[in-house]
Amino acid sequence: MSSQIDHLLTESRKFAPSAEFAADAVADASLYERAAADREAFWADQARDLLHWHTPFTEVLDWSNPPFATWFADGELNVAYNCLDRHVEAGDGDRVALLWEGEPEGDERRVTYAELTDEVKRLANVLGDLGIGHGDRVAIYMPMIPEAIAAMLAVARVGAIHSVVFGGFSADSLRARIDDAGARLVITADGGWRKGKVSPLKPAVDMALADRNGSGVQETVEHVLVVRRGENAVEWTEGRDLWWHDVVPRAAADHVAQPFPAENPLFILYTSGTTGKPKGILHTSGGYLTQATFTNRVVHDIHPDTDVFWCTADIGWITGHSYVTYGPLANGATQVLYEGTPDTPHPGRWWEIVQKYGVTILYTAPTAIRSFMKIGRQVPAKFDLSSLRLLGSVGEPINPEAWMWYRKIIGDKKAPIVDTWWQTETGAMMVSALPGVTETKPGSAQVPLPGISIDVVDEDGAHVGTGNGGLLVITEPWPSMLRGIWGDPERFVETYWQKFQKQGYYFAGDGARLDDDGDVWFLGRVDDVMNVSGHRLSTTEIESALVGNEAVAEAAVVGASDETTGQAVVAFVIVKQSYLDAHSPAGLADALRTWVGEQIGPIARPRDVYIVGELPKTRSGKIMRRLLRDVAEGREVGDTTTLADTAVMSVISAQVK
Ligand code: WT7
């Protein structure tokens, strides 16, 4: 009860924008009015104002065949031209696009718009020589180096489709994504720097492509293009593998960007859903680029000739697509790109980078803010952070305490904070304050952006009203909405549209509450998806990895709240008797944690693995994860009456203790 009251007290804090910030802000309140007056005309204006169209569009939205939307469909553009050439042609070629900082200190490169354009043109010619063109899929598995951005843009430039796979994913995860998309080319690096050492990438690509005999999977990959970065030893498959430094500098420097239709697919990005198989979320060109560029400009308040923007996300996630590659480059911004981890070689590394480059806008995740809180304010206090004028948060709800710390310790109580809610599927921000306009509230993502329509509804799709909780829905199509799941239109309809089919709402899978002002508070996922450090992981996916280990008979995975990562993976595992006899429970638990890390990637590694004798099941055999979550979070176990065997929970609780 008392914590409930604290919570209410916390909520009443509000921070109005300073007159100074508001005076220079890109956004103003008229955006809301214009969007409300005519939503489609509003988006058409943004598309025209922010982008270059080789062929102007005359249609805006076609929603005649829901949930399959098209935006600006008769228009043509080239995404890479919008991010590169047009800035050079406008005389801004000498502006720095990327302030790249490698993890080893002193390792840095400044890449101007002219240089990045040149690199992308040459690479586009290399892609052409390799037979990669319109509609082909290219997997990108790279560290955070300028070549990674160039790779995405070159693929976009030739009208092909990229599938960026996070460099922290395992060979198996990479392989599944290569196969699902049918990639013909993989662009990678020998390795990249992480946590003080070179983490190999090319060897994982070799593993992903090796040994397919008898797997029944057709090998689609013809070439592997490799950037030298880690200088680690790599094996070479002649005829298949190519060094970037051999082919790109030698390629022709001229390349004319061809226009493609607005609905040309731009990328596939895999994300976890409620089942074990990751979903290939498909995004297209014109609508996606419009909303990524618009939101980057108004929510991050980008002034391209003065700001130094830094989004800390990896390009392997949607945040890196929209707010490292596409939004900032389309806006002609200057941004920091950092290869490594926040605490290498010292815990103040991020703040040192802010100071070094005079970062003005920082966009990061609550999990990072909470880990800095843990280390203490004395670390950021050693650096000059006075250049920061705007702070952003993304990936999970930011608790008011972390919000206040961010504001005070990082933002010196001056910089507004924007808490931005969106998803891989939405492509770009959907709910956020507008800096300089909105009075901000710690812990609430607040209001839909201009041109976006959302609601919080009950199970029947009825508006819950202020003061109530329910499910977040998006009630009108938006330009950067996903266009489908790669190769699986039925799953697309089932996952997002079936639940509120009658109303035509998009179901986001998030719980939300409307406060008395009508501001939105996000309450986390309502499905079997966890959010670990701002990354979505499916319980089922980790369970299948666990039962894939020969020691495991059965497994159940839950997300338990964790002070730093938001949620942590906790696994309950039944081990086969023969393994129990031969190994200690602690040894087994350790081995299984490592196993999951190898199967999926380190982010999926369970924080805890409990070896138990039984799992709580209903009479129909469904595992009751709710009860396991109680155990994992050290709470009293809830209602067990629907269990087939009601005694099982006391046994599990005892085993866990
Ligand atoms: C899920 C989407 C958006 C890019 C990073 C994650 C959660 C995201 C917020 C926020 C509360 C948030 C939601 C959402 N989420 N941002 N500001 N407040 N929750 O992309 O991996 O597709 O995950 O992240 O649960 O559904 P993603």
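Remember, it's 1-based here, ligands and their atoms both numbered in the order they're listed. Sequential numbering from 1 along the given sequence is applied to the chain's residues. On a predicted model such as this, the values are computed, not experimentally measured, just so you know.
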Would you say [X]'s side chain and [Y]'s backbone share a donor-acceptor pair under 3.5 angstrom?
{"X": "Asp630", "Y": "Gly638", "answer": "yes"}
{"X": "Tyr338", "Y": "Trp310", "answer": "no"}
{"X": "Asp412", "Y": "Lys414", "answer": "no"}

So if I apply the ring-ring contact (aromatic ring centres under 6.0 Å, His included) rule between Phe68 and each of Phe492, Tyr496, Trp63, which one comes out positive? Phe492
Where does the angle between the aromatic ring planes of Trp497 and Tyr506 fall among parallel (under 30°), tilted (30 to 60°) and perpendicular (over 60°)? perpendicular
With sequence neighbours left out, what residues match Glu263 under side chain to side chain donor-acceptor pair (under 3.5 Å)? Thr284, Arg483
Can you list, by chain and residue number, every protein residue with a non-hydrogen atom closer than 4.0 Å to ligand 1?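 Under the 4.0 Å cut-off, ligand 1 touches Ile318, Thr319, Val394, Gly395, Glu396, Pro397, Asp419, Thr420, Trp421, Trp422, Gln423, Thr424, Asp510, Phe522, Arg525, Asn531, Gly534, Arg536.
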